[in-house]
Amino acid sequence: MRWLIAAVVLVAVLAGLLRWRRPAWYWLSFGVMFATCRVLGRYRAVMDACGLTVPPPRWRLAIARMANRPVPEPRAPRILRLRPTRTGLVLRLGLRPGQDAFDVAASCDRLRHSFGMFGVTSREIRSGVVELRMTGYDVLRRVQMPARAERSTMRVPVALREDGDVHYRDYRTTPHALTIGATKSGKSVYQRNLVAELAAQEVALVGIDCKQGVELFPLARRFSALADNPDTAADLLDALIAHMEDVYQLIRAEQRITADTPDADIAADIWDLPDHLRPVPIVLLVDEVAELALFATKDEEKRRDRIITALARLAQLGRAAGIYLEICGQRFGSELGKGITMLRAQLSVRTAHRVNDETSANMAFGDIAPDAALTTVQIPVSTPGLAITGDASGGWSRIRTPHTSLRAAVDACNKHAHLTPDLPALDAFRPVLASPAAPVAIPAPATP
C-alpha cells in the first residue's frame, strides 16, 4: 500500500512538472485522457447551460403522455466524432433541427471555460455539421511546427495557428499579400521564414530591399534579382512588367481554341500550360514599401508614381502570369499617396503583427475584418512573431511564426541555390556575390 501511494504521488508530481515546463508533453501523456473524460462527462450539461439544446419533438412528447412516462429531456447536438490531436481535441457535432452554426460559434468562450480547455474555435464543415477545435494548452507561447507539414507547389507552411493547425501561404489560392508590423514585432522573421520555405520550391525569388539590402542580400544566392534602392527598384519593376507581357503572349499562342479542344486544355494562366512550356513562377518580396512611396523632390515624385503604378499593375495582372506579391511595411495607408489604396485592394491576404496604434490595424483589416483590428492592437510586446492574419473572406485567426535565425535562412538558401532560375529579362538585376576575402570598408568610430 505504501508503494502504491508513493507511485501515485510520483506520477502527480511528474504530471505537474510536465504541465509547467513541457505542456506539449503533458498533453500527450496525461492531458488527452483527462480532457476526453471532461468533455464526455460534462457534454450534455454544458450544452444545456450554453443554450445549445432544442426541445424534444412533438411525437416524443405525445408518446410520453400516452405512456405516462417522464417528459423527454432537451436534445443536444450529436457527437459525430471525437479525435485527439497533438495539441488538443477535435469534436465534430451534428446540429439538431432549428440549430445554427452561429449559435455554436457565439458560445465558444463559454465552452472553453466549461470544458477546461485553453481555447475553442468552431467552423462549419457543411450544412448541419460543425467542428470544434479545442486546444489543451497555449500552442503559441512556444511554437513547435509539426515534423511533417504538408507542402505542395506554391503552398508552404509559415506559422502555427491558435487552434494548433498549421498556417499555410497558398499563392495559387490567394496570390498577393500584405504584411505590416512595428519595429521588433517579428515581421522580418515572418519574411525570413517564408523565404526559407520557398527556397526549396521551383520558384524565382525577386526582392526589393531599400534598407541597402541588409534584410534580403544575405539570402542572395537564392534570389534571381535584387534591388537595394528606389532607382533600381523602378527599373526592376519595369522589367517584371515586360516579362509579364511576354508570358501573356506565350499563353495566347498556346490557347488554340477550336471546337474540338477540351475545356481542360484551354490555357488561361501559366498553370494550364504544358510542363515544358510553363514559365517559372515569380514571388516578389518588397521590404518596407514606404521607402518606395516617399519623396522629397519632383524627380523623386515621378519615380514614386512610376513605382506605385508598376506595383498596382503587377497586383492586378500578374497572377495569371505567375507573378505573386509579398508587400511588407510598418504602415500602409492613404498617407503614402495616390495609388496606395488601389494597390491595397488587390492584396487579399493581410497579416498584421504588433502595431503602435489602431489606425495602422485598420489599414490592414478595416475593409475585410474590422473586428480583427482591436485584437491586433492588443498583441503584447513580449510575444514577437505573434500576428493576426485574415483574407478577403472576412475570417481571421491568431498565428505565430517559429523563430528562424538569419543563419538558418542563409543555410536554406545556400542549400537550394542550384534551384535559382536564370531569367533573361532580369539578368541586369542578378545579385553580385562578393568574395569572402574582399575588404569591407568600416566607418571610423566617432571621436569626441
Practice task
Test Asp427 against Arg430 for salt bridge (charged side-chain N to carboxylate O under 4.0 Å, His left out), laying out the working first.
Solution key: CA-CA 5 Å; Asp427 280 344; Arg430 190 72 180 257; 5.0 Å; no
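- Taking 4.0 Å as the cut-off between side-chain N and carboxylate O, Glu300 and Arg304 do not count as a salt-bridged pair.
- Within a 6.0 Å radius of CD in Glu202, no more than 12 heavy atoms belonging to other residues, nucleotides or ligands are found.
- Taking the ring axis of Trp27 as reference, the NZ or CZ atom of Arg86 does not stay both within 45° of it and closer than 6.0 Å to the ring centre.
- In this structure, Asp238 does not pair ionically with Arg313, as no charged nitrogen and carboxylate oxygen lie closer than 4.0 Å.
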Handout entry: Check against salt bridge (charged side-chain N to carboxylate O under 4.0 Å, His left out), Glu131 and Arg133
Key = CA-CA 6 Å; Glu131 185 177 86; Arg133 298 188 68 92; 3.7 Å; yes
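- Inspection of the Thr359 and Asn362 side chains reveals no N or O donor paired with an N or O acceptor under 3.5 Å.
- With no hydrogens or angles considered, a side-chain donor-acceptor pair links Ser107 and Arg110 at under 3.5 Å.
- Contact annotation: the side chain of Val206 approaches that of Leu236 to within less than 4.5 Å [non-hydrogen atoms, C-beta and beyond].
- Ion pairing between Lys302 and Asp305 fails under the 4.0 Å rule for side-chain N and carboxylate O.
- Contact check for Leu426 versus Leu240: side-chain heavy atoms found under the 4.5 Å cut-off.
- A salt bridge (charged side-chain N to carboxylate O under 4.0 Å, His left out) check over residues 314-327, counting only residues at least two apart or in different chains, returns the pairs Arg169-Glu326, Asp269-Arg319.
- For Arg407, the salt bridge (Lys or Arg N to Asp or Glu O under 4.0 Å) criterion is met by Asp411, not counting sequence neighbours.
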Problem - Stepwise salt bridge (charged side-chain N to carboxylate O under 4.0 Å, His left out) check, Arg151 with Glu197 - result: CA-CA 9 Å; Arg151 292 172 174 85; Glu197 289 289 342; 2.9 Å; yes
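- In this structure, Tyr137 has its ring center at least 6.0 angstrom away from the ring center of Phe118.
- Arg350 places a side-chain N or O within donor-acceptor distance of the main-chain N or O of Ala364, the cut-off being under 3.5 Å.
- With sequence neighbours left out, Ser397 forms a side chain to side chain donor-acceptor pair (under 3.5 Å) with Arg161.
- With sequence neighbours left out, the salt bridge (Lys or Arg N to Asp or Glu O under 4.0 Å) criterion links Arg192 to no other residue.
- Note that the CE atom of Met244 and the CG atom of Leu237 stand 11.0 Å from one another [nearest 0.5 Å].
- Both tests hold for Arg155 against Tyr168: distance to the six-membered ring centre under 6.0 Å, angle to the ring axis within 45°.
- Counting heavy atoms from C-beta on, the side chains of Asp228 and Asp209 never come closer than 4.5 Å.
- Judged by distance alone, the side chains of Asp357 and Ser360 do bring a donor and an acceptor atom under 3.5 Å apart.
- Between Arg400 and Asp138, no side-chain nitrogen of the basic residue sits less than 4.0 Å from a carboxylate oxygen of the acidic one, so the salt-bridge criterion is not met.
- Looking only at side-chain heavy atoms (C-beta outward), Asp100 and Leu95 stay at 4.5 Å or farther from each other.
- Applying the salt bridge (Lys or Arg N to Asp or Glu O under 4.0 Å) rule to Arg96 yields no partners; only residues at least two apart in sequence or on another chain are considered.
- Other residues, nucleotides and ligands place no more than 12 heavy atoms under 6.0 Å from the CH2 atom of Trp25.
- The side chain to side chain donor-acceptor pair (under 3.5 Å) search around Thr389 returns Thr351, not counting sequence neighbours.
- Classification of Glu301 and Arg303 as a salt-bridged pair fails, no side-chain N sitting under 4.0 Å from a carboxylate O.
- Aromatic ring orientation, Phe30 versus Phe34: parallel (interplanar angle below 30°, classes split at 30° and 60°).
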